[in-house]
Amino acid sequence: DLQTSEINAAFDIFDADQDESITSNELEAALRSVGMQPSKEAIAAHKEECEDGGKIHKHDFATIVQRDLPTADTPEAIAKLFGALSAGDAITRESLRSGMAKLGERMADKEIDEMFDDADPNCTGVISLPSFSNTTHYREFFFFFNNHC
């Protein structure tokens, strides 16, 4: 699933020697790369829980993230992302483009159109919150959004 592939990709960036582990000193940066904002206390607790000879193994990192990262599927998370991308009570093509640009992400017209095709099957030109909640594309933006908000 998307979350697992994002977690693995984030971990792999920090696993320079590809031994399925990162140093415990890299843990905070790796967690931040998937959108988490861990406190110093949380980092210390994670190290105490998982550290093995100064290393954090990939499976332990995945466990931490899956347990502690807010899910993209909660109504609150969906509404927050929708609010960042909408123009009032609906997402338009332009508000999506503008919202993603404000978050630092430039989307190609094809990507915008793809999202609309998925979330707006009746071709109304707007995406309501219920329609957005039913599309799979909001999950693609969640990790990026969580890193910037």
Side-chain angles (χ1 to χ4, degrees), residues 1-88 90-119 127 129-149:
D1 76 344
L2 180 64
Q3 186 173 3
T4 300
S5 65
E6 292 283 344
I7 292 168
N8 287 337
F11 185 89
D12 291 344
I13 290 169
F14 293 91
D15 184 14
D17 62 1
Q18 299 176 342
D19 69 348
E20 299 290 306
S21 66
I22 59 175
T23 68
S24 59
N25 292 333
E26 296 169 319
L27 179 61
E28 182 175 359
L31 292 173
R32 289 188 185 283
S33 77
V34 295
M36 296 176 68
Q37 301 297 320
S39 65
K40 296 292 181 195
E41 295 80 17
I43 294 295
H46 293 320
K47 286 180 179 180
E48 186 174 316
E49 172 188 4
C50 299
E51 191 171 35
D52 178 19
K55 298 276 190 172
I56 305 291
H57 297 283
K58 189 175 205 172
H59 65 273
D60 291 323
F61 177 77
T63 298
I64 291 168
V65 173
Q66 289 170 338
R67 180 186 66 213
D68 295 352
L69 183 69
T71 178
D73 293 42
T74 66
E76 297 81 15
I78 295 168
K80 185 176 180 182
L81 178 55
F82 181 85
L85 301 175
S86 68
I91 297 173
T92 64
R93 290 177 197 275
E94 188 53 42
S95 73
L96 176 61
R97 188 176 291 108
S98 173
M100 292 306 290
K102 286 178 187 173
L103 295 173
E105 181 73 7
R106 303 266 184 242
M107 293 179 66
D109 288 340
K110 181 179 178 179
E111 293 172 300
I112 300 277
D113 291 341
E114 200 175 280
M115 182 172 189
F116 267 81
D117 290 346
D118 183 41
I127 302 169
L129 179 56
S131 294
F132 185 69
S133 298
N134 290 325
T135 182
T136 58
H137 289 285
Y138 76 84
R139 290 177 182 90
E140 295 173 19
F141 301 115
F142 183 74
F143 280 99
F144 181 83
F145 175 75
N146 208 28
N147 275 326
H148 292 82
C149 296

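Throughout, residue positions are numbered sequentially from 1 according to the sequence presented.
- Using a 4.0 Å cut-off between a side-chain N of Lys or Arg and a carboxylate O of Asp or Glu, D109 and R93 do not qualify as a salt bridge.
- The main-chain N or O of H59 is found under 3.5 Å from a side-chain atom of T63 such that the two form a donor-acceptor pair.
- Under the ring-ring contact (aromatic ring centres under 6.0 Å, His included) criterion, the residue pairs touching residues 5-34 are F11-F61, with sequence neighbours excluded.
- The heavy-atom pair separating K47 from S24 by the smallest distance is CE-O, 3.0 Å.
- For E48, there are no salt bridge (charged side-chain N to carboxylate O under 4.0 Å, His left out) partners at least two apart in sequence or on another chain.
- By the side chain to side chain contact (heavy atoms under 4.5 Å, CB included) test, L129 is found to be paired with I78, F82, S133, residues two or more places apart in sequence or in another chain being considered.
- Around the CD atom of E94, the shell of radius 6.0 Å holds more than 12 heavy atoms that belong to other residues, nucleotides or ligands.
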Stepwise, does the side-chain contact (heavy atoms from CB on, under 4.5 Å) test hold for E51 with D60? CA-CA 9 Å; E51 191 171 35; D60 291 323; over 6 Å; no
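- For the atom pair I7 CD1 and I64 CD1, the distance stands at 10.5 Å (nearest 0.5 Å).
- Between the side chain of S33 and the backbone N or O of A30 there is at least one donor-acceptor pair closer than 3.5 Å.
- Rounded to the nearest 0.5 Å, atoms CG (L96) and CD1 (I91) are 6.5 Å apart.
- Applying the side chain to side chain contact (heavy atoms under 4.5 Å, CB included) criterion to A90, with sequence neighbours excluded, gives V126.
- For D17, the side chain to side chain contact (heavy atoms under 4.5 Å, CB included) partners are D15, D19, K55, not counting sequence neighbours.
- The CG atom of D12 sits 7.5 Å away from the CD atom of Q18 when rounded to the nearest 0.5 Å.
- With sequence neighbours excluded, no residue satisfies ring pair (Phe, Tyr, Trp, His ring centres under 6.0 Å) with H46.
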Does the pair E28 and R32 meet the rule for a salt bridge (Lys or Arg N to Asp or Glu O under 4.0 Å), with working shown? CA-CA 6 Å; E28 182 175 359; R32 289 188 185 283; 3.1 Å; yes
